[in-house]
Protein chains: 2
Amino acid sequence: MHMEVLAMATIKDVAARAGVSLGTASRVLSGSSQTSPDSRSRVLAAAAELQYVANGPARALRRARTDVLGLLLPDIRNPFFSELAHAAEQEARRLGYTVLLANADEDRDQEAAYLRTFASQRIDGLLLAPQQGGSPELESLHASGLPLVLVDRAVRGLDAPLLSTDNAQGVAQALAWLQAGGHRDVAFVGGPAAISTGVERRDAYLAGRAAHGISTDDALVDAGDFQLGSGTDAMLRILDRGVRPTAVFGADGLMTAGAMRALRQRLGDEARAVEVVSFDDLDWFDLRSPGISAVVNDAAEIGRLGVAALADVIAGRPVASQRIATTFVDRRPAGGTA
Amino acid sequence: MHMEVLAMATIKDVAARAGVSLGTASRVLSGSSQTSPDSRSRVLAAAAELQYVANGPARALRRARTDVLGLLLPDIRNPFFSELAHAAEQEARRLGYTVLLANADEDRDQEAAYLRTFASQRIDGLLLAPQQGGSPELESLHASGLPLVLVDRAVRGLDAPLLSTDNAQGVAQALAWLQAGGHRDVAFVGGPAAISTGVERRDAYLAGRAAHGISTDDALVDAGDFQLGSGTDAMLRILDRGVRPTAVFGADGLMTAGAMRALRQRLGDEARAVEVVSFDDLDWFDLRSPGISAVVNDAAEIGRLGVAALADVIAGRPVASQRIATTFVDRRPAGGTA
DNA sequence: CTGTTAGCGCTTTCAC
DNA sequence: GTGAAAGCGCTAACAG
């Protein structure tokens, strides 16, 4: 006994069944120009009967356009980026685009590989949160004229619109909060020195701490690579230098979570006495007790504006870089610090 | 002043520059058949000089194959699925496929829309964690012979290989843990009755609770839709019935987190006295004090095996459904329950 | 408003 | 081993 796999119907089949020419069928199906109500309904009926689904590659080849946007992110498991992806996708759908989402896994080679894939897929535009330092693939993709918008992170020497967080503002909010809590010994778990957000947040922190009454002892400062385990490692290094911070500031949600794990490993339940503030707010920061205060970095807004900007670039409209403001959530218990 | 956008080089340009025929250039570039070392090196050189990138749609049109797999998930922001996506993507790359990732947002219409998009893109196969009850789009996609593998959730009446968690086993582990803790009044925050994981976990819990000394009062049971807010709502409903559970069991990570939020809203810091166990382990469950115990549902393994199974289906090899075993992490403080 | 036709870029016969 | 040529499914230009 044989299971018949029905071959996909083509537009030619639809035209034949509807008794019209191939051209007319195409016009009805793509809505590109006027057709008589009669042929319209017959084509539509035929298409439905045959379960016709347009062949995307053929259409793309002919139109030199795919209606697909690429979205290349550093780490899909980082809540900041999964939130950004979600919002970007919603906006893209609204604008009639499909999103091809890819995950560079904080790895340059993998980013380069996806850049090549995207190039060969002939996407209409790319929304990218880049790895450190760019790559030849990125250079040539941009040079080839592919519409490109950067989100979250800058690339030195790459002249493309960038939608990023106001990192200096966010750090200032955290510093003010630390000062209000009377903290002097604050541990800072930064991000990679090769990524713009890592640099901007670290620089703002180092430059601002003295004015906020915070120790300038660099033994209190270390960095990871924006993946959870590295935050733990960085915090362990800090603690192993013998310092005893009364508060910790993590340069992103994952660095903060990682630092908290280190705190628990070394201090057990005493860890709860260390106040925590994070750049990026995570879903569960209000569930811990005491709560974790956070700079709210609006991933959804960045994703939405990024896609809108990309659509503008594709349409040839002028687009400017933009900094997104942060807000702050104070989850310190009413009574003040311990 | 004009910025020249260099047109993408085609294989024809490469052939001309290398001084060979179009056919030879194609053979070298796709490695499909033998070529002389001489023409090989000249074609490769020409391709490099022109920064040639093959036109994917043209290739797909001709070969009737795209080397792209679709991955359609219910919610990219659910850590279970972002972990699954990450693992699936790694495995797909290893096998020479690119993954097109899409997010149904726990919404049937959006799932149907992406199913249509995938169909028109002519993906080589689909890895799907479906919405409730299937859809005409899914039926016809499957009927058309598109290689299909289901992950995490079943669809009634759809005969496709399924890689899913052993939900009964996981619930049994949680029940044993609850019993060991001496709990009688346990709140259960389930998932949607229309999703197989929701049903299986609820049924296993309801069927097993009495034998584990747990109250069979249904006032203690409610359900959400696997999105965080709904877990909070469900738990609030339970609490508002006047019951006072000593432990809570969440049917997935998000239901658990949502329930915890409700607990804090109603009980404040007293919430810490309520023990928590979750189906799905989240990154931060060890950071709360007391820790949250969890059934470990191996998303990465499911993603990996799912892609491998899909590759088998594509290659025409036989594939069987498979249940993935769970493990359990007990994070109850040494001294036992309060 | 409709039919006919060329051709997008590529792979793959078919000859040589 | 290579060149010439056909054709994948579709859209758009051109006649009518």
Side-chain angles (χ1 to χ4, degrees), chain A residues 6-44 46-47 50-68 116-124 144, chain B residues 6-44 46-47 50-68 116-124 144:
Chain A
L6 23 146
M8 282 272 191
T10 73
I11 199 169
K12 211 165 140 190
D13 303 326
V14 174
R17 187 168 181 110
V20 299
S21 78
L22 200 166
T24 300
S26 169
R27 280 182 277 259
V28 170
L29 262 10
S30 65
S32 62
S33 87
Q34 292 298 344
T35 51
S36 77
D38 180 52
S39 37
R40 184 178 154 70
S41 62
R42 296 170 59 194
V43 168
L44 259 20
L50 296 173
Q51 305 212 49
Y52 172 74
V53 180
N55 184 313
R59 170 176 284 182
L61 176 58
R62 182 59 232 231
R63 299 200 311 170
R65 189 158 75 77
T66 52
D67 296 327
V68 172
R116 282 190 293 269
T117 302
F118 280 149
S120 92
Q121 303 262 300
R122 298 296 198 267
I123 57 173
D124 288 352
S144 79
Chain B
L6 23 146
M8 283 272 190
T10 72
I11 199 170
K12 211 166 142 191
D13 302 325
V14 174
R17 188 169 180 109
V20 299
S21 77
L22 200 164
T24 301
S26 169
R27 281 182 274 258
V28 170
L29 262 10
S30 64
S32 61
S33 88
Q34 291 298 343
T35 51
S36 76
D38 181 51
S39 36
R40 183 179 155 71
S41 62
R42 296 169 59 191
V43 167
L44 259 19
L50 296 173
Q51 305 211 50
Y52 171 74
V53 181
N55 183 312
R59 171 175 283 182
L61 177 57
R62 185 57 231 235
R63 300 201 310 171
R65 188 158 76 78
T66 52
D67 296 327
V68 172
R116 282 190 294 269
T117 302
F118 280 149
S120 92
Q121 304 261 297
R122 297 297 197 266
I123 57 173
D124 289 352
S144 79

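Throughout, a chain's letter reflects where its sequence line sits, starting with A, and its residues are numbered from 1.
Residue Thr35(B) holds its OG1 atom at 6.0 Å from CZ of Arg40(B), rounded to the nearest 0.5 Å. Going from atom CD1 of Ile11(A) over to atom OG of Ser30(A) covers 7.0 Å, rounded to the nearest 0.5 Å. Rounding to the nearest 0.5 Å places CD of Gln34(B) at 11.5 Å from CZ of Arg27(B). Here OG1 of Thr117(B) is found 10.0 Å from CG of Asp67(A). Values are rounded to the nearest 0.5 Å.
Ser26(A) comes within 4.0 angstrom of a nucleotide base, judged by non-hydrogen atoms across all strands. At a threshold of 4.0 angstrom between heavy atoms, the contacts of Ser33(B) with the nucleic acid are absent. Among the heavy atoms of the strands lying under 4.0 Å from Ala54(A) are primed sugar atoms or P, OP1, OP2 only; no base atom is included.
Scanning both residues, Val43(B) and Val20(B), for their nearest heavy atoms gives CG2-CG2, 3.7 Å. Closest approach of Gln121(B) and Thr66(B) over heavy atoms only: O-CG2, 3.8 Å. Ala25(B) and Ala15(B) get closest at one heavy-atom pair: CB-CB, 3.8 Å. Taking each heavy atom of Tyr52(B) and Leu29(B) in turn, the nearest pair found is CE2-CD2, 3.7 Å. Contact detail for Ala58(A) and Asn55(A): the closest heavy-atom pair is N-OD1, 3.0 Å. Shown here for Arg116(A) and Val53(B), the closest heavy-atom pair between the two residues is O-CG1, 4.5 Å.
Residue whose closest nucleotide on DNA chain D sits further toward the 5' end, between Gln34(B) and Arg122(B): Gln34(B). Ranked by how close their nearest DNA chain C nucleotide is to the 5' end, Arg27(B) and Gly56(B) are led by Gly56(B). Both Asp38(B) and Leu61(B) lie near DNA chain D, and the one whose nearest nucleotide falls closer to the 5' end is Asp38(B).
The salt bridge (Lys or Arg N to Asp or Glu O under 4.0 Å) search around Asp13(A) returns none, not counting sequence neighbours. Taking Arg62(B) as the reference, nothing meets the side-chain hydrogen bond (donor to acceptor under 3.5 Å, both in side chains) condition, with sequence neighbours excluded.
Of the residues in residues 18-25 of chain A, those with a non-hydrogen atom less than 4.0 angstrom from any atom of DNA chain D are Leu22(A), Gly23(A).
Between the side chain of Arg42(B) and the backbone N or O of Ala18(B), at least one donor-acceptor pair lies under 3.5 Å.
Direction change of the helix axis from one end of the helix from dC1(C)-dG16(D) to dC16(C)-dG1(D) to the other is 40°, with five pairs defining each end axis (rounded to 10°).
Boundaries of the chain B contact region on DNA chain D are dG1(D) to dG9(D), first to last in 5' to 3' order (nucleotide atom under 4.0 Å from a heavy atom). For DNA chain C, the contact window with chain B, defined by any atom under 4.0 Å from a protein heavy atom, covers dG9(C) to dT13(C) in 5' to 3' order.
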